[in-house]
Amino acid sequence: MMALRERALVSPQSVPSLPKHVRIQYDPVRQAFAVLSPEKVFWPNDISLEILRRCDGRSTVGHIIAGLAADYDAEQEAVATDVIAFLQEWSDKLLVKL
């Protein structure tokens with residue numbers, strides 16, 4: 001019987017990173033960046049890609065939110081909701097480590 005993994009929950013203190021099996025790669029044919037994992041290829045939009053690029057294993061979710069809010073001249077609260085939801089979804093799919 002397979003043990004169930006406890007769900008990691010995203011918080012502002014979380015320090016997300018991409019697992020070894022996930023990488024971002026440019027596809028010259030589609031002229032777009034893809035996120036590659038062993039079984040799947042994802043085609044993130046620009047904002048999703050920007051979030052993933054900041055998942056460097058050093059920056060907290062709070063820092064990522066603050067940086068995106070500053071770069072896009074947006075309210076931190078609005079950015080926080082979207083970033084946390086995105087990272088939670090990707091963490092649940094095992095595409096981001098917390």
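FYI, side chains are in, hydrogens and waters are out, and symmetry mates aren't considered; it's all heavy atoms of this structure. This structure is a prediction, so every number in the text was calculated from the model and none was measured.
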Open item on the list: Filter on ring-ring contact (aromatic ring centres under 6.0 Å, His included), then keep only pairs touching residues 68-97, sequence neighbours left out; what's left?
Closed with: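 Output for this query lists Phe42-Trp90, Phe86-Trp90.
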Task: Exam field: side chain Ser11 to backbone Gln13, donor-acceptor pair closer than 3.5 Å - done: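 Confirmed, Ser11 side chain pairs with Gln13 backbone.
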Open item on the list: Between Gln88 and Val10 (side chain of the first, backbone of the second, donor and acceptor by atom type, cut-off under 3.5 Å), is there such a pair?
Closed with: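 Side chain of Gln88 to backbone of Val10, a donor-acceptor pair under 3.5 Å: yes, one is there.
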Any chain of hydrophobic side-chain contacts (each under 4.5 Å) joining [X] to [Y]?
X: Val83; Y: Ile24; result: yes
X: Leu9; Y: Ile51; result: no
X: Leu95; Y: Ile47; result: yes

Task: side-chain contact (heavy atoms from CB on, under 4.5 Å) evaluation trace for Arg54 with Leu68 - done: CA-CA 9 Å; Arg54 294 172 192 235; Leu68 288 166; 3.6 Å; yes
What distance do [X] atom [atom1] and [Y] atom [atom2] have between them, rounded to the nearest 0.5 Å?
X: Ser48; Y: Leu87; atom1: OG; atom2: CG; answer: 9.5 Å
X: Glu39; Y: His21; atom1: CD; atom2: NE2; answer: 9.5 Å
X: Cys55; Y: Arg53; atom1: SG; atom2: CZ; answer: 12.0 Å
X: Leu49; Y: Trp43; atom1: CG; atom2: CH2; answer: 11.0 Å
X: Glu75; Y: Ile65; atom1: CD; atom2: CD1; answer: 13.5 Å

Task: Heavy-atom closest contact (Pro16 atom, Ser59 atom, distance) - done: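 Pro16 and Ser59 have their closest heavy atoms at CD-O, 3.5 Å.
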Task: Closest heavy-atom pair and its distance - Leu18, Val22 - done: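 Heavy-atom minimum between the residues: CB-O, 4.1 Å.
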TODO: Evaluate the criterion side-chain contact (heavy atoms from CB on, under 4.5 Å) for residue pair Val35 and Val41; output intermediate values, then yes/no.
DONE: CA-CA 6 Å; Val35 176; Val41 176; over 6 Å; no
Is [X] atom [atom1] crowded by more than 12 heavy atoms from other residues, nucleotides or ligands, each under 6.0 Å away?
X: His63; atom1: NE2; answer: no
X: Arg23; atom1: CZ; answer: no
X: Asn45; atom1: CG; answer: yes

Open item on the list: Could you tell me if the side chain of Thr60 sits less than 4.5 Å from the side chain of Pro12, heavy atoms only?
Closed with: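 With C-beta onward as the side chain, the pair stays apart.
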Open item on the list: Run the side-chain contact (heavy atoms from CB on, under 4.5 Å) test on Leu52 and Val96 for me, step by step, so that the C-alpha distance in whole Å, both residues' side-chain angles and the decisive distance to 0.1 Å come before the verdict.
Closed with: CA-CA 8 Å; Leu52 291 171; Val96 168; 3.9 Å; yes
